[in-house]
Each structure stands twice: as structure tokens, then as C-alpha cells.
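To start, the structure under review is shown below, and the notes come after it.
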Amino acid sequence: MYLFTIQRKRQNIQNINHIKGILLYLTLSAIGALGTWLHDNRNNHNYFEKKTGSFLLVRISDQPIELNKTIKAEAVVKQIGDSVKWQKASGKLLLYIQKDSSSLDLVYGNEMVIAASMIKKAVEPLNPDQFDYSRYLHFRNIHHTAFIRSAFWKKTATESPNSLYQLSLRIRNYLQSVYARFLPNMEHSGIVEALVFGYTEDLDQDILSAYSRTGIIHVLSVSGLHVGIIYQILNLLISGFRKRTRYLALFPIMALWFYALITGFSPSVTRAVLMFSLFQFSLVLNRESNIYNGLFFSCFILLIVNPFWLSNVGFQLSYMAVFGIVFIQEYIKNWWPTTDWFWNKVWTLMAVSVSAQIITFPLCLYYFHQYPNLFFISNLFVIPLIFIVLILAIILPIISFWTTAGIFVAYLIDIYLYFINNLVVGIQDLPFAFFDNLYINFLEMIGIYICLIGFLVWLIYRKSKGFIISTTALAFVFLSVNLRIVQNIRKDEWIAFSIKNHYAFGLKSGRDLRLFTDSALFEDKEQRDFHCLPYFMANAGGQLSWINLDSVWKTLPQKGIWKLTHYSDTIYMSQTVSKQLLSAVPDGKTLIVIKPSYIPQYLDSLNRRVIISKTNGKKMPPDFLWNDLSVNGCWRAEIKDQSHRIVKK
């Protein structure tokens with residue numbers, strides 16, 4: 001009876017602990033939901049969309065960025081009104097201001113009046129599976145954008161801005177001027193700006209792509225790696241004086257927060273600085289620190305400040321990488337214990353790289369659709385060299401007053417970066433250096449993470465439940481991917497994309513896709529990939545062919561009809577419509593007209609399927625399928641048994 005009573009008490013205690021845990025999770029979830037709701041500008045009763053007025057008074061809240069034809073700037077709304085009455089308002093806008101001498105002079109803190117008619121809601125993507133830029137802006141608490149011509153805005157004043165952020169911008173502007181003066185190579189100065197304070201607008205796109213494909217893109221985004229390097233340098237500087245006073249250990253904390261100020265308190269840097277600060281405080285107080293507690297506490301604090309940071313890709317990758325290093329590194333390091341100093345450092349670096357890559361690769365597949373197979377090689381050679389470049393880049397502004405020394409340091413930076421860039425490009429060009437065009441959906445990413453964590457629990461802690469969970473999740477991912485592939489094989493489509501000032505459409509047969517574009521879009525790889533490639537990865541995934549239609553028309557016979565086989569059907573294409581052209585199209589077949597100058601009314605009486613891809617403003621007969629590509633989004637036509645089912649997406 002006594003033992004039974006003890007057992008019942010233990011069960012009651014466990015039940016109480018379970019209830020406490022559930023209540024804690026529910027409380028934290030409620031706090032998170034409430035914080036997100038309060039942080040959303042649209043829930044503010046002063047939100048400008050809830051008020052009426054012809055003009056908005058806004059203040060530029062970040063340093064404007066010069067683009068090819070516009071000045072891009074974030075702004076906060078201060079007031080809304082007209083010539084009679086003004087009232088207080090709130091909200092954030094993303095402005096694209098026509099580039100001229102006035103807009104080039106805009107700086108952080110400038111106030112300006114803009115026409116309210118220019119404000120538009122952020123547009124959702126017009127093409128299937130395309131990157132949702134409006135959703136990206138929503139998570140930055142921006143729900144409206146505006147393209148403003150020169151005549152529709154006027155600068156009124158400069159408000160006294162946030163002093164800390166103003167100091168941050170001044171320091172960054174000074175650093176940019178120093179790097180521009182001593183590093184005339186724009187490619188190298190762009191890398192240094194990204195390394196030191198996270199400014200990426202001057203990065204060369206080819207170099208950025210090479211760093212991404214070799215798995216070292218993290219060195220170009222200021223994060224825990226950079227903070228860790230600076231932390232080690234600071235500790236090394238004070239190591240000889242620490243015996244005199246332990247409070248000297250507070251110096252690295254102040255220096256790290258100053259560095260966070262320079263970077264504009266980016267989420268990844270703030271996370272790392274907060275963690276190192278907690279660790280350094282524990283040294284001062286002679287307390288043992290727990291890395292997991294520091295990791296999750298810093299995450300909690302940052303999300304209290306801004307709940308939308310949770311959707312930031314850099315924030316997610318940063319925390320997952322640190323978690324992977326803490327969770328897996330020691331296990332991997334124990335695979336090859338060595339007492340040799342050099343090989344111990346090399347293997348430690350390898351263990352850190354592999355740990356971070358293992359835990360972040362599902363996120364990389366989901367967001368970037370590629371995987372660097374040779375990441376361990378590039379990280380092994382590049383990170384030590386980047387360590388040297390970062391130190392030299394920090395030294396350069398300090399000694400910039402001494403021109404000779406500055407030139408010498410800049411010369412060393414140029415040498416190292418020349419070697420690093422060539423090494424990265426060389427690794428990228430190796431066979432099977434990376435896999436690209438890999439597509440997984442959100443549920444498949446979650447399944448991979450469950451599989452991965454279950455496998456690690458089984459491998460490290462020998463828990464059989466981990467193996468069962470891992471194999472179950474793996475089976476789900478395998479079935480999901482294969483089901484999607486089978487669906488893609490069985491479905492054939494014609495699709496017209498919505499791309500302003502361009503035309504592009506595709507013919508999909510099984511998993512293969514042929515994409516037809518005008519010559520300007522054909523040459524613009526960045527734009528065509530942005531609009532069309534996501535559809536290919538999600539709906540095809542086989543062979544992709546790009547075809548320049550403007551070149552094709554020049555090689556066609558006089559009738560101007562291009563005949564091509566699409567699966568079991570034959571499709572005809574032309575640029576215009578005429579009786580002579582239609583005579584070359586057999587009854588019951590499909591004619592795709594790309595850029596008609598006019599639409600003849602007699603087409604609706606013919607036994608032919610005519611698809612007009614661009615109408616040039618002409619009125620269409622009711623039986624025709626047409627789409628103004630610049631306004632209404634794309635058409636997708638599923639082809640079955642030689643009949644077309646057109647679905648507006």
C-alpha cells in the first residue's frame with residue numbers, strides 16, 4: 001500500500017509537470033500571437049489606409065538605394081491630408097522615386113509630401129510558383145508600394161532622426177568612402193563592404209552566385225561567423241591584462257555591441273552579439289553558461305522586439321546553423337581524435353562546417369533550390385583566408401590617415417580576394433560541384449527535418465524511437481516527391497507568362513518544358529529565371545529549353561508559320577493573323593498568335609483553336625482565349641486528348 005501511494009504521488013507530480021509545460025507553451029504562443037498582432041501596422045487605428053486624403057507626409061526611414069532608373073527608399077507615414085486639413089497617420093511604404101538630381105540628394109531623415117494616388121497595394125505574383133515579393137514585404141511590415149514620378153513629390157524638411165541609427169549610417173558611409181578610395185576594384189570593395197557591415201548592394205552578381213553554389217555565401221552576409229572572429233580577436237587583445245581585473249572582460253561586450261550598431265542591428269549579428277554577451281557575463285560572474293539557454297533566450301528576446309524576424313531567411317539559417325554546430329559538432333569531431341595541433345584545427349573547422357551544413361540544407365533546398373556538394377572543400381580553404389581579409393578590412397579604416405600604410409593593406413586585401421574569388425569560381429566549375437533546380441515544398445522540408453533530427457537522435461543517443469520517426473518521415477517525403485513527379489509526367493500544359501514589356505510562353509510535355517521568349521528577355525537571364533524558372537522547377541523538373549522566337553521568325557518561310565510537335569499534337573505559331581497564314585493550319589489544330597496587329601472577326605467561324613497571346617488593346621471575339629500579359633496574370637492551358645482546357649490562374 002505504501003509503495004502504491006508513492007507511485008501515485010509520482011504520477012500526480014508528473015501529470016502536474018505536464019500540465020505546467022502545456023500551460024507554459026500556450027502562454028508563450030499567446031504572447032507571440034499578441035506581439036505579432038500589435039506589431040502589424042495595419043492593426044493601428046491611425047493606419048493611413050483607414051483615413052482619407054490627397055497627400056501623404058512621409059519620412060525616409062533608411063538609407064536610399066540607387067537603382068538603374070529609380071531611387072529605392074523605405075518610408076514611414078507621418079500625416080495624411082489635403083490643402084484644408086491634415087491628420088496624424090502611421091504605416092510604412094516602399095518607394096521607387098524617379099531618378100533625377102533631386103531624388104539623388106535624398107538621405108535618411110528627409111521628409112517629403114507625395115501624392116496619395118501613387119500608392120498601390122503590394123502586388124501578388126502574377127506567374128505560378130514565382131517568388132512572392134508581396135509576402136516578403138508583408139513580413140517587413142510593408143503593405144504598400146509606390147512608383148513616384150518627379151512631379152508627384154516634394155521634399156519639405158529633414159526631421160531629427162534616430163541618433164543611434166544616424167550614427168550607424170555615418171560610420172557606414174565613412175567606411176564605404178575609405179574602401180572606395182583604397183580599393184578601386186568594385187568587385188573587391190563590394191565583398192569587403194559585405195564582410196564588414198553587411199552592405200550587399202555593390203556585390204557582383206556572378207561572384208555572389210559562385211559563393212552561393214560553393215556553400216560559402218554565409219561569409220558575405222554578416223553573421224555569427226564574423227562576430228565570432230571579432231570576439232576571438234578582442235579576447236586575444238585583453239588576455240594579458242585579464243589577471244589584473246576580471247571586469248576588463250566587459251570590454252569585448254561593448255565592442256561587439258558597437259559592431260552591431262555599425263551593421264544596423266541586423267538580426268543575425270544581434271543574435272550572435274547577444275549570445276556572446278551572455279557568455280562573457282558568465283565569465284565575469286564566474287558562472288557556468290549553457291549554450292542552449294543562451295541560444296533560445298536570445299531568440300526569445302529578438303522575437304519580442306520584432307516577431308516578423310521569424311520569417312527572415314537569414315534569421316532562420318543563423319539559428320539553425322548554431323543549433324547544428326552545438327548539437328552535432330562534438331560527435332563529428334570525435335570520429336577522428338588527434339593530438340596534432342594543425343590537424344586538430346583543420347578537423348575542427350571541418351566538423352563545424354559539416355554540422356552547420358547538415359542542419360541547414362533542408363532550408364537551403366526550400367528557399368534557394370540548390371545544394372553545394374563541395375561545401376566542405378570551399379569552407380576549409382576560404383574561411384581561414386576570409387578571416388585574414390576581415391582583419392585587414394577592419395584595420396584599413398583605422399590607418400587610412402596614413403596613406404602609404406593604407407595602400408599596402410589594400411594591396412594585401414586585393415591579393416587575398418583575387419585568390420579567393422578564383423578559387424571559388426574554380427570549385428564552382430568542377431563537375432558535380434552543385435545541384436540546382438531542386439524543388440521541395442514546405443511539408444517536404446518539414447518532413448526532411450523530422451527525418452534528419454530523428455536520425456541524429458538515434459545515431460548520437462541510440463534511441464530506437466528516433467530511427468522509427470526518421471524512417472517514417474523519410475517514407476512520407478519519398479512518396480510526396482514521387483507523387484508530384486508522376487502528376488507532372490501525366491499533365492501537359494501551354495502557359496503564357498505575365499512579364500511587363502515582354503512576352504514568354506511555354507509548352508510542357510511531361511517533365512520537359514520549352515520556353516519561348518522575345519530576344520530582349522532571352523538575353524536577360526536574371527529576369528527570365530525570376531519569372532519562368534520557378535514554374536519549371538515545381539511543374540516540370542526535366543529538360544528545359546530556351547528558344548528565342550524573334551530569331552525563329554527570321555528563318556521561317558514566307559508564310560511565317562512555325563510548326564512544332566507538342567506531345568501527340570501539332571501546334572502552329574505565327575506573329576500575325578491573315579487568311580494566307582490560316583490556310584497553312586489544318587482544321588482542328590491550334591494556332592498561337594504572338595503579336596497580332598489586328599484581330600479579324602472571321603476567325604470565330606473557323607474550325608481551328610486560336611490562342612491570342614497579346615491583344616494590343618484590340619477587342620476580342622467572345623469565343624477566343626486571350627490574355628493581356630501586362631495586367632491580368634498568366635493563362636495555363638491543360639492539354640488532354642487533343643482538347644484544350646484553359647484555366648485562369
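Note: hydrogens, waters and symmetry copies are ignored here, and every other heavy atom, side chains too, is used. We number each residue from 1, following the sequence as shown.
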ring-ring contact (aromatic ring centres under 6.0 Å, His included) against Y371, all qualifying residues, sequence neighbours excluded: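 By the ring-ring contact (aromatic ring centres under 6.0 Å, His included) rule, Y371 matches F361.
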Any residue meeting ring-ring contact (aromatic ring centres under 6.0 Å, His included) with F152, in chain and number order, not counting sequence neighbours: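 In terms of ring-ring contact (aromatic ring centres under 6.0 Å, His included), with neighbours along the sequence ignored, F152 is linked to no residue.
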Residue pairs passing the ring-ring contact (aromatic ring centres under 6.0 Å, His included) test where at least one lies in residues 384-413, sequence neighbours excluded: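 ring-ring contact (aromatic ring centres under 6.0 Å, His included) check on residues 384-413 returns no pairs.
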Residue pairs passing the ring-ring contact (aromatic ring centres under 6.0 Å, His included) test where at least one lies in residues 167-191, sequence neighbours excluded: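 Sorted result for residues 167-191: empty, none.
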Stepwise side-chain contact (heavy atoms from CB on, under 4.5 Å) test for L175 and E193: CA-CA 8 Å; L175 293 176; E193 289 172 2; over 6 Å; no
What are the two closest non-hydrogen atoms of [X] and [Y], and how far apart are they?
X    : Y    : answer
L106 : P64  : O-CG, 3.5 Å
P397 : S400 : O-OG, 2.9 Å
A75  : S61  : N-OG, 3.8 Å
T36  : F308 : CG2-CE2, 3.9 Å
S168 : I262 : OG-O, 3.4 Å
Y535 : D129 : CA-OD2, 4.1 Å

Between [Y] and [X], is there a side-chain heavy-atom distance shorter than 4.5 Å?
X    : Y    : result
F48  : H144 : yes
P125 : F131 : no
L167 : L261 : yes
L183 : V192 : yes
I148 : L95  : yes
W153 : V113 : no
C532 : I499 : yes
L385 : V389 : no

Regarding [X] and [Y], do their side chains bring together a donor and an acceptor under 3.5 Å, going by distance alone?
X    : Y    : value
N306 : H39  : yes
Y418 : N185 : no
D100 : S103 : yes
Y136 : S311 : no
Y367 : Q316 : yes

What pairs with [X] under salt bridge (Lys or Arg N to Asp or Glu O under 4.0 Å), at least two apart in sequence or on another chain?
X    : value
K99  : E66
R140 : E74
K525 : D529

Could you check whether any side-chain N or O of [X] sits under 3.5 Å from a backbone N or O of [Y], counting only pairs where one atom can act as donor and the other as acceptor?
X    : Y    : result
N173 : L169 : yes
N43  : W37  : yes
H369 : Y439 : no
D518 : L521 : yes
R59  : M112 : no
S212 : L208 : no
T70  : L67  : no
N437 : M537 : no

Of all pairs that satisfy salt bridge (Lys or Arg N to Asp or Glu O under 4.0 Å), the ones with a partner from residues 397-426, not counting sequence neighbours: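 Counting only pairs at least two positions apart or across chains, no salt bridge (Lys or Arg N to Asp or Glu O under 4.0 Å) contact touches residues 397-426.
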Stepwise side-chain contact (heavy atoms from CB on, under 4.5 Å) check, I399 with V409: CA-CA 9 Å; I399 63 170; V409 171; 3.5 Å; yes
Electrostatic pair K121-E49, nearest N-O below 4.0 angstrom: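 Counted as a salt bridge, because a side-chain N and a carboxylate O are separated by less than 4.0 Å.
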Contacts of [X] that satisfy side chain to side chain contact (heavy atoms under 4.5 Å, CB included) - sequence neighbours left out:
X    : result
R42  : D40, Y47, H143
L317 : V313, T360, L363, C364, F368
N548 : S519, F522, D550, S551
N46  : N44, K51, K88, S90

Rounded distance (nearest 0.5 Å) linking atom CH2 of W309 with atom CZ of F315: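 Between W309 CH2 and F315 CZ, I get 8.0 Å after rounding to 0.5 Å.
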Interatomic distance, L274 atom CG to I253 atom CD1 [nearest 0.5 angstrom]: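 L274 CG to I253 CD1: 10.5 Å, rounded to 0.5 Å.
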Working for side-chain hydrogen bond (donor to acceptor under 3.5 Å, both in side chains), residues T517 and W546: CA-CA 8 Å; T517 71; W546 293 95; over 6 Å; no
side-chain contact (heavy atoms from CB on, under 4.5 Å) assessment of N421 paired with Y211: CA-CA 9 Å; N421 289 345; Y211 276 63; 2.8 Å; yes
F505 and F516: CA distance, side-chain angles, deciding distance, ring-ring contact (aromatic ring centres under 6.0 Å, His included) verdict: CA-CA 5 Å; F505 65 92; F516 306 87; 5.1 Å; yes
CA sep, side-chain torsions, deciding dist, call: R213, Q370, side-chain contact (heavy atoms from CB on, under 4.5 Å): CA-CA 7 Å; R213 289 174 171 177; Q370 63 182 20; 3.9 Å; yes
